[in-house]
2 protein chains.
Amino acid sequence: MAEGRIDAARSLFIRRWGEMAASWGISRTMAEIHAMLFVSSQPACTDDVMEELAVSRGSASINLRQLVNWGLIHRVHRRNDRKEYFEAEHDVWQMFDTIIRERRRREVEPIVETLQRCLTIISEERGRLSAEARKEAEVYQKRFTDILEFCGTMNTLFNLMSKAGRTGLKPLAKTVGKLVG
Amino acid sequence: MAEGRIDAARSLFIRRWGEMAASWGISRTMAEIHAMLFVSSQPACTDDVMEELAVSRGSASINLRQLVNWGLIHRVHRRNDRKEYFEAEHDVWQMFDTIIRERRRREVEPIVETLQRCLTIISEERGRLSAEARKEAEVYQKRFTDILEFCGTMNTLFNLMSKAGRTGLKPLAKTVGKLVG
DNA sequence: CGATCCTTTCAAAAGCTTCTGAAAGATTAT
DNA sequence: ATAATCTTTCAGAAGCTTTTGAAAGGATCG
């Protein structure tokens with residue numbers, strides 16, 4: 001039964017992937033389904049997911065849909081088969097790009113917008129403040145500006161990374177390494 | 001009352017920062033406390049936190065401790081005052097470095113270790129598998145190797161970024177931009 | 001058209017995380 | 001040593017997220 005240990009490796013990976021994702025704010029089941037489809041060479045259907053991960057039909061359905069919305073898996077169809085099957089994106093760099101793009105849209109953009117709004121308020125009120133209050137406002141201004149600048153730089157870098165990704169970021173890392181020292 | 005809008009900006013930022021963090025798997029209160037200390041020019045004590053964020057003493061205590069454990073805030077003391085005060089790291093790049101380091105240790109390293117274990121199992125069992133099972137195992141091997149390689153590259157890049165960070169990553173981004181095209 | 005097969009939906013339940021508040025523990029002052 | 005002040009702890013409460021399972025909704029087949 002040499003396959004036993006291989007299957008164990010498969011399910012160990014799936015479980016750990018789910019645990020990791022959970023600590024990054026992604027539901028465990030969604031991540032487990034993703035891991036399962038990521039390692040599989042064949043597309044899987046809802047019943048496959050239900051069986052392998054022991055989840056209900058409802059949960060499988062909802063989580064599969066979310067993964068499709070994220071763009072991490074795709075629906076595929078087979079001839080003479082009404083069932084829907086799902087297949088994961090297998091290119092790790094493409095996956096990374098998708099995740100970064102989604103999270104930026106959902107979670108980073110709102111805070112950037114808030115920071116800009118806060119800075120606007122500060123510059124509008126600046127003239128009306130007492131000397132003391134102005135000092136405080138200037139501290140806020142610096143903090144908000146710092147974060148915005150950080151976001152901008154990270155943005156640029158991630159864009160560069162996803163551009164470089166497919167053709168190979170490893171050589172890039174080496175080059176950058178030399179530049180930085 | 002020009003200060004009213006400034007205070008509103010402050011608390012808006014704190015709330016949004018908390019919401020963002022919540023979607024990244026960090027508790028809202030912990031993030032709000034962090035945001036509050038980050039924008040403040042003066043250290044704050046437990047009662048300040050309780051008052052501004054309307055949380056219980058227990059919650060303030062626990063979350064402050066966690067922030068200290070993460071290395072995102074520090075305890076500071078004042079003469080003739082028994083109270084403990086807390087002050088955030090204000091350098092955004094230092095903050096980034098701290099967060100990346102912590103999360104890598106807590107969440108990335110376990111999955112890397114698992115992947116290595118899985119690869120070991122596969123290479124051990126490889127010889128004992130039927131032709132069909134071996135084909136499947138080879139798919140797993142490729143997937144696991146791909147992720148490991150990805151982790152390695154990201155590791156290198158983040159190390160470079162935190163090295164470059166303080167002296168300025170913006171010029172670096174420009175340089176990299178030219179390299180990538 | 002009715003039967004079959006598959007997917008989606010959603011209210012209730014379960015499970016998980018975080019918070020509360022009072023009591024215990026520490027530390028410093030008198 | 002005792003009082004005063006501040007911090008930590010933790011069992012129970014509250015709140016939030018996810019899952020379940022059955023019913024409804026769609027699509028395709030004969």
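Only this structure's heavy atoms are used, side chains among them; waters, hydrogens and symmetry mates stay out. A note on names: the letters A, B, ... follow the listed sequences, proteins ahead of strands, and every chain is numbered from 1.
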Per A:S61 side chain, nearest of listed nucleotides D:dT8, C:dC6, C:dT9: C:dT9
Between C:dC6 (C1') and A:D48 (CG): distance, integer Å: 14 Å
Atom pair distance, as rounded to whole Å: CZ in B:R78 and C1' in C:dT28: 18 Å
Whichever of A:G25 and A:G58 has its nearest DNA chain D nucleotide further upstream toward 5': A:G25
A:D48 side chain to A:C45 backbone, donor-acceptor under 3.5 Å: yes
Options C:dT20, C:dT8, D:dT20, nucleotide nearest the side-chain atoms of A:R57: C:dT8
Euclidean distance, atom CD1 of residue A:I62 to atom P of D:dT18 [Å, nearest integer]: 10 Å
B:S59 side-chain N/O to B:V55 backbone N/O, donor-acceptor pair under 3.5 Å: no
Sugar-phosphate, base or nothing in reach of B:N63, heavy atoms under 4.0 Å: sugar-phosphate
B:L64 CG - D:dT9 C1' separation (whole Å): 15 Å
Heavy-atom donor-acceptor pair, A:R143 side chain to B:F38 backbone, under 3.5 Å: yes
Any A:R65 side-chain N or O less than 4.0 Å from OP1/OP2 of C:dT9: yes
A:E84 CD - C:dT8 C1' separation (whole Å): 11 Å
Rounded distance in Å - CG (A:L53) to C1' (D:dT18): 15 Å
side-chain contact (heavy atoms from CB on, under 4.5 Å), paired with A:L115, selected from A:T145, A:D146, A:I147: A:I147
Distance in angstrom units between B:M50 CE and D:dT8 P, rounded: 13 Å
Under 3.5 Å donor-acceptor, A:S123 side chain and A:T120 backbone: yes
For atom NE2 of B:H77 and atom P of D:dT5, their distance in whole Å: 19 Å
Given DNA chain C, 5'-ward residue of the pair A:R82 and A:R28, judged by closest heavy atom: A:R82
